[in-house]
Trainee: 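I have a structure I would like to understand better, so I am pasting it below and will then ask my questions one at a time.
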Amino acid sequence: MDEQRAVGPAAAAYAAALRAAVSGFTAQGGTQREIAVAAHVAPATLSRYLSGERIAPHGFVASLDAFLTERERPLGDGVRERLEGLCGRAHEASRSPAVQLEHLKQELARVRGEKRAGGGELAALKTHADQLAGELERALERARRAETERGLLVRRVDEQEQKLQSAQSYTRQLQAELTAQHDQVVLVQREVEVLRRQNKTLLDENTATTSSERLEGAVPAVSTQAGEGEAEQNARPSLPPRDVPTSTFKPLRSRISTEHDR
């Protein structure tokens, strides 16, 4: 395949793009021999690739990009894709069956590589999907537990709200009862005050009445004592005269005693 000469503008455009890709490296003192060693081709073969005498295979573009990247001169954005596109068109435009066969082999190898890469990526994606599915299941389980806990909290809040309402109602009832009892206490205090005044008035009136009764009863007591003195004096038997013998009065006493016994 490498022995065939490149024919047509497609091969010339591809060779020109390759020369532009390596010009930055060679302008800074790099040599084509270094590139040839890295690409595992002979320096003369590399020279033919760059001149367009031969069509460089797809693998050469990848090797060139890796070499320049190691030298911190990677192909610019879109340059590698442009080189690969020009390479494909140059091989397709070639009249050599060997070149076309090589191009087909390279395309097949590229497709297989992409398939392997795609298979690896697919496996990685499947693993990642399985991990995401596991995380999703765990997240759903946490969400279910959180929902259950939320339901419990809601019920507790409702219960606390009912208890609070009951406590408020009971507090209002107690406040109403205390207000009513306070009103009753005020009424009782007023009644007690009225009773105290009435009792004081009665005591004052009773004291005045008692004093007047004592004053009124003092005078009759004196006269009564005087009358009682006179009566007692009149009731006393008269003593006989001292010069009269006592025996004279004995018959009289006996008669009084007899009459009394009767």
Side-chain angles (χ1 to χ4, degrees), residues 123-262:
L125 289 174
K126 186 177 183 302
T127 302
H128 185 59
D130 293 338
Q131 293 176 352
L132 290 178
E135 293 178 0
L136 179 60
E137 183 62 27
R138 289 190 292 272
L140 289 174
E141 182 62 26
R142 290 193 297 269
R144 286 191 290 267
R145 289 198 299 268
E147 184 65 22
T148 302
E149 293 176 357
R150 190 188 71 83
L152 292 175
L153 289 176
V154 169
R155 286 194 291 272
R156 289 179 182 175
V157 169
D158 292 339
E159 292 176 357
Q160 294 295 331
E161 183 68 21
Q162 292 177 358
K163 291 181 180 179
L164 180 61
Q165 291 178 357
S166 299
Q168 290 176 348
S169 177
Y170 182 66
T171 301
R172 288 192 295 269
Q173 182 180 355
L174 287 178
Q175 187 174 2
E177 293 178 356
L178 289 174
T179 302
Q181 291 180 0
H182 179 266
D183 295 340
Q184 292 179 0
V185 168
V186 171
L187 292 175
V188 170
Q189 288 177 347
R190 291 177 182 175
E191 292 178 358
V192 168
E193 185 65 26
V194 172
L195 291 175
R196 284 178 180 175
R197 290 197 298 267
Q198 292 178 355
N199 189 22
K200 185 176 182 302
T201 302
L202 291 174
L203 288 175
D204 293 340
E205 293 177 355
N206 189 19
T207 300
T209 303
T210 303
S211 299
S212 62
E213 288 178 354
R214 287 179 179 177
L215 291 176
E216 291 176 357
V219 175
V222 173
S223 60
T224 302
Q225 289 178 358
E228 289 178 354
E230 293 178 358
E232 183 180 356
Q233 186 175 4
N234 293 330
R236 288 180 183 176
S238 300
L239 295 177
R242 293 181 178 179
D243 55 351
V244 180
T246 308
S247 60
T248 307
F249 295 95
K250 289 181 179 179
L252 179 58
R253 289 177 178 174
S254 298
R255 192 183 343 174
I256 293 171
S257 176
T258 302
E259 290 178 357
H260 181 270
D261 292 336
R262 291 177 183 177

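Count residues from 1 along the sequence.
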Trainee: Nearest 0.5 Å, what's the CZ-CD distance between Arg142 and Glu135?
Mentor: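 It comes to 8.5 Å.
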Trainee: From Asn206 CG over to Leu202 CG, what is the distance, rounded to the nearest 0.5 angstrom?
Mentor: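 Those atoms lie 8.5 Å apart.
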Trainee: Report the distance from atom CD of Gln198 to atom CD of Glu191, rounding to the nearest 0.5 Å.
Mentor: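 Nearest 0.5 Å value for the CD-CD distance: 10.5 Å.
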Trainee: To the closest 0.5 Å, what do you measure between NZ (Lys200) and CD (Glu205)?
Mentor: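 It is 11.0 Å, given to the nearest 0.5 Å.
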Trainee: How long is the span from the NZ atom in Lys126 to the CD atom in Gln131, to the nearest 0.5 Å?
Mentor: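 Going from NZ on Lys126 over to CD on Gln131, the span is 11.0 Å.
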Trainee: Within the supplied structure, the quantity of interest is the number of heavy atoms (other residues, nucleotides, ligands) at a distance under 6.0 Å from Arg144 CZ; does it exceed 12?
Mentor: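 Atom CZ in Arg144 is crowded, with more than 12 foreign heavy atoms closer than 6.0 Å.
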Trainee: If the threshold is 4.0 Å, N to carboxylate O, is there a salt bridge linking Glu141 and Arg145?
Mentor: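 Salt bridge flag = yes for Arg145 with Glu141.
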Trainee: For the pair Glu193 and Arg190, find out whether any cationic side-chain nitrogen is under 4.0 Å from an anionic carboxylate oxygen.
Mentor: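 Result for this pair is no, no salt bridge flagged.
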Trainee: For Gln168, does the CD atom sit with more than 12 other heavy atoms under 6.0 Å from it, leaving out its own atoms?
Mentor: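 Counting neighbours around CD of Gln168, more than 12 heavy atoms of other residues, nucleotides or ligands fall under 6.0 Å, so yes.
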Trainee: How long is the gap from CG on Leu136 to CG on Leu140, to the nearest 0.5 Å?
Mentor: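 If I round to the nearest 0.5 Å, the distance is 4.5 Å.
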Trainee: Are Asp183 and Leu187 packed together at the side-chain level, in the sense that at least one heavy-atom pair is separated by less than 4.5 angstrom?
Mentor: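 Side chain of Asp183 against side chain of Leu187, heavy atoms only: no contact under 4.5 Å found.
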